[in-house]
Amino acid sequence: MTSHAPLPTRLAHAADLAAAQLARPAPGLGGHPQSLSHGAAGIALLHIERAARGLGDWGMAHRWLRTAADGQLIGSPDNTLLFGTPALAFALHGAARGVDRYHRVLSALDANIATLTQVRLARAHARIDRGERPDLAEFDLLKGLTGIGAHLRRRGGDSDLLRQILTYLVRLTQPLTENDPLPGWWTSQPPTGTRAENPGNGGHGNLSLAHGISGPLALLSLTALDGTVVNEHHDAITRICAWLDTWRQDSSGGPWWPEIVTPTDSIADLSAGRLPRRPRRAAWCYGTPGHARAQQLAGRALGDTERQRDAEQALAACLADPVQLGHLTDPGLCHGVAGLFQTTWRVAADAASTDLRSTVPGLAERLLAHADAVGDVGVLTGTAGWALAVHTAASDQAPATAWDALLLLS
């Protein structure tokens, strides 16, 4: 496709090529079939979105769904939004919306998800009753109850099971004891990866959208905007925002938030340069874009126009910062340009001003520039997720199947 063709045409062509690469299910392609992040369930999301837009064949989507459901279904309490019956149900829901398709199997999956969710909720409340700190996998988006809640919201809206998860998240925002200086979501787990350079001995507070408290913030805010509200719902949003405000940093590159904090960290440490003085890559998972979306949603849910505006300005500053953008070399949704594009598109669509809209074409060009860099095939880090974001860019329309609820962007 010539570079002189209009941008939407080039984007549509790139999406078509990516879908063609993933046209035929093959044994072992992408890992476990019931994985949204790497397996057939995630690849099915791409073909479902294409079919819903009238760009692809429902038969191809069905073949990928059949591959995802092949073999024994994994339906244990350790299942997550990304794996097992919740992952398969998330994919199937996009194909079943508004048509008489897949409802019997979805009903069976719904029953299993309800059972495993009740087990997880009982464990979480018992843990709080014992006064113990949570693991991130108890509450976060990618492995925890926030992720299950994201699926339930997309699946059925105002359900009793979703309300039970929201009630738990409200409780998560409360201190474990009356005089506890740490928030209820503070984990006893040490940080991982590059965040473990100075782990300390008292666990950490994770601020991210993927694995930290910004995930529950986004879900609580989205459900509040839907009108699905439980006791102390808005108080919980306010508590999270107040804690995030404590750690917000204002620099020449715009507002940003640390990835994690430990008991030995303080605002004085940040000011003195003993913690990173600049944000890292402009990623959905841990970076300013994810924070900006969660904060924008919170501002809208609370009727706090200043918070909403500040969040949008934080993203605009991030997009103008060559350092943050320079760290972004991955093509995927989780920590790459596809996630940056999809997040920016959603923030811009809800923004109070039109400034962010002007950044969208340039980000779409960045998507195309990474077309040859995609290695994995899945949704979070691979071709399927990259192509889903390209479809948004090509049409300049919200996803037909709301697939980006997977990222709590919608």
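Note that the structure is a prediction, hence the values are computed from the model and not measured.
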Here the pair of heavy atoms bringing Ala23 nearest to Pro25 is O-CD, 3.7 Å

Quick one, Leu408 and Thr146 - any side-chain contact, counting heavy atoms below 4.5 Å? yes

Donor-acceptor check, side chain of Thr187 to backbone of Pro134, threshold 3.5 angstrom: yes or no?
yes

### Task
Over 60° means perpendicular and under 30° means parallel, so classify the ring planes of Tyr168 and His125, tilted if in between.
perpendicular

So does Arg307 pair up with Glu312, basic N to acidic O under 4.0 Å?
no

| Working for side-chain hydrogen bond (donor to acceptor under 3.5 Å, both in side chains), residues Asn179 and Thr177 | CA-CA 6 Å; Asn179 297 316; Thr177 61; over 6 Å; no

Check whether any side-chain heavy atom of Thr223 sits under 4.5 Å from a side-chain heavy atom of Val230, and report yes or no. no

Donor-acceptor pair, distance only, cut-off 3.5 Å: does the side chain of Ser214 make one with the backbone of Ala210? no

message = Can you confirm whether Glu365 sits close enough to Leu7 that some side-chain heavy atom of one is under 4.5 Å from a side-chain heavy atom of the other?
response = yes

Is there a side-chain contact between His47 and Leu22, using heavy atoms and a 4.5 Å cut-off? yes

**Study point:** Full working for side-chain hydrogen bond (donor to acceptor under 3.5 Å, both in side chains) between Gln295 and Gln308
**Key:** CA-CA 7 Å; Gln295 293 272 344; Gln308 178 182 350; over 6 Å; no

Quiz item: Can Asp78 and Lys143 be counted as an ion pair, charged N to O under 4.0 angstrom?
Solution: no

- Task: Mind telling me whether Phe90 and His151 have parallel, tilted or perpendicular rings, with 30° and 60° as the class edges?
- Result: tilted

Presence of salt bridge, Asp404 and Arg293, under 4.0 angstrom: no

### Task
Go through the steps for Leu145 and Leu121 under the test side-chain contact (heavy atoms from CB on, under 4.5 Å), then give the verdict.
CA-CA 8 Å; Leu145 282 161; Leu121 283 168; 3.9 Å; yes

Residues passing the side chain to side chain donor-acceptor pair (under 3.5 Å) test with Asp110, sequence neighbours excluded, are Arg155

Taken to the nearest 0.5 Å, the spacing of Ile43 CD1 from Thr67 OG1 works out to 9.0 Å

- Task: Would you please test Leu363 and Leu319 for side-chain contact (heavy atoms from CB on, under 4.5 Å) and show each step?
- Result: CA-CA 9 Å; Leu363 293 177; Leu319 295 174; 4.1 Å; yes

Per side chain to side chain contact (heavy atoms under 4.5 Å, CB included), Leu45 is matched among Val379, Thr401, Leu65 by Val379

Here the pair of heavy atoms bringing Val390 nearest to Leu11 is CG1-O, 3.2 Å

Salt bridge (charged side-chain N to carboxylate O under 4.0 Å, His left out) with Asp350: of Arg357, Arg300, Arg309, only one passes, and it is Arg300

Only residue of Thr80, Leu82, Leu81 satisfying side chain to side chain contact (heavy atoms under 4.5 Å, CB included) with Ser37 is Leu82

Polar contact flag, side-chain donor to acceptor under 3.5 angstrom, Gln118-Gln164:
yes

Shortest non-hydrogen pair, Thr381 vs Cys334, comes out as CG2-CB, 4.4 Å

For Ala292 and Leu315, the nearest pair of non-hydrogen atoms, with its separation, is CB-CB, 3.8 Å

In this structure, CG of Leu166 is separated from CG of Leu172 (nearest 0.5 Å) by 12.0 Å

Do Val261 and Leu207 come within less than 4.5 Å of each other through their side chains, counting heavy atoms only? yes

| Can you find a pair of side-chain heavy atoms, one from Ser410 and one from Pro399, that are under 4.5 Å apart? | no

Here the gap from Thr238 atom OG1 to Asp304 atom CG, rounded to the nearest 0.5 Å, amounts to 8.5 Å

Hey, what's the ring geometry for Trp243 with Trp186, parallel, tilted or perpendicular (30° and 60° as the breaks)? perpendicular

Nearest heavy-atom approach of Ala393 to Leu367 is CB-CD1, 4.1 Å

Run His38 and Val377 through side-chain contact (heavy atoms from CB on, under 4.5 Å) and show every step you take.
CA-CA 7 Å; His38 300 292; Val377 298; over 6 Å; no

* Asked: When you check the gap from the basic side-chain N to the acidic O, do Asp16 and Arg50 get nearer than 4.0 Å?
  -> yes

query = Within 45 degrees of the axis of the six-membered ring of Trp185 and under 6.0 Å from its centre: does Arg133 put its NZ or CZ there?
reply = no

Value for CD1 (Ile213) from OG1 (Thr173), rounded to nearest 0.5 Å, stands at 7.5 Å

Legend entry - Chi angles and distances behind the side-chain hydrogen bond (donor to acceptor under 3.5 Å, both in side chains) call for Trp345, Asp396: CA-CA 8 Å; Trp345 195 95; Asp396 198 27; 2.8 Å; yes

Quiz item: Within the distance-only criterion (no hydrogens, no angle test), does the side chain of Asn112 pair as donor or acceptor with the backbone N or O of Gly75 below 3.5 angstrom?
Solution: yes

From the list Arg120, Arg127, Arg171, Arg123, salt bridge (charged side-chain N to carboxylate O under 4.0 Å, His left out) with Glu138 holds only for Arg127

Any sub-3.5 Å donor-acceptor pair from Asp57's side-chain atoms to Gly59's backbone N or O? yes

In terms of heavy-atom contacts, does CG of Asp129 have more than 12 from other residues, nucleotides or ligands at under 6.0 Å?
-> yes

Practice problem: State, with a plain yes or no, whether a side-chain heavy atom of Trp284 is found less than 4.5 Å away from one of Leu409. | Solution: yes

Are Phe83 and His32, when compared by the centres of their aromatic rings, separated by less than 6.0 Å?
yes

Review point. Would you say Glu49's side chain and Ala400's backbone share a donor-acceptor pair under 3.5 angstrom?
Key: yes

Can a side-chain donor-acceptor contact be found between Asn206 and His211 if the only test is distance below 3.5 angstrom?
no

What one should report as the nearest heavy-atom pair of Pro258 and Trp247 is CD-O, 3.2 Å

- Where the side chain of Thr343 meets the backbone of Leu340, is there a donor-acceptor pair that is under 3.5 Å apart? no

Counting only N and O atoms by type, is there a donor-acceptor contact under 3.5 Å from the side chain of Thr359 to the main-chain atoms of Leu356? yes

Between the CG atom in Leu106 and the CZ atom in Arg104, the distance rounded to the nearest 0.5 Å is 12.0 Å

So OG1 of Thr228 and CG of Leu222: to nearest 0.5 Å the spacing works out to 10.5 Å

- Query: Just by distance, with hydrogens left out, do His391 and Arg53 show a side-chain donor and acceptor under 3.5 Å apart?
  - Reply: no

request  = Could you walk me through whether Gln342 and Thr392 pass side-chain hydrogen bond (donor to acceptor under 3.5 Å, both in side chains), step by step?
outcome  = CA-CA 7 Å; Gln342 194 69 26; Thr392 302; 3.1 Å; yes

Just by distance, do the side chain of Gln34 and the backbone of Ile74 share a donor-acceptor pair under 3.5 Å?
yes

Check your understanding: Are side-chain heavy atoms of Arg239 and Glu232 found at a separation under 4.5 Å?
Key -> yes

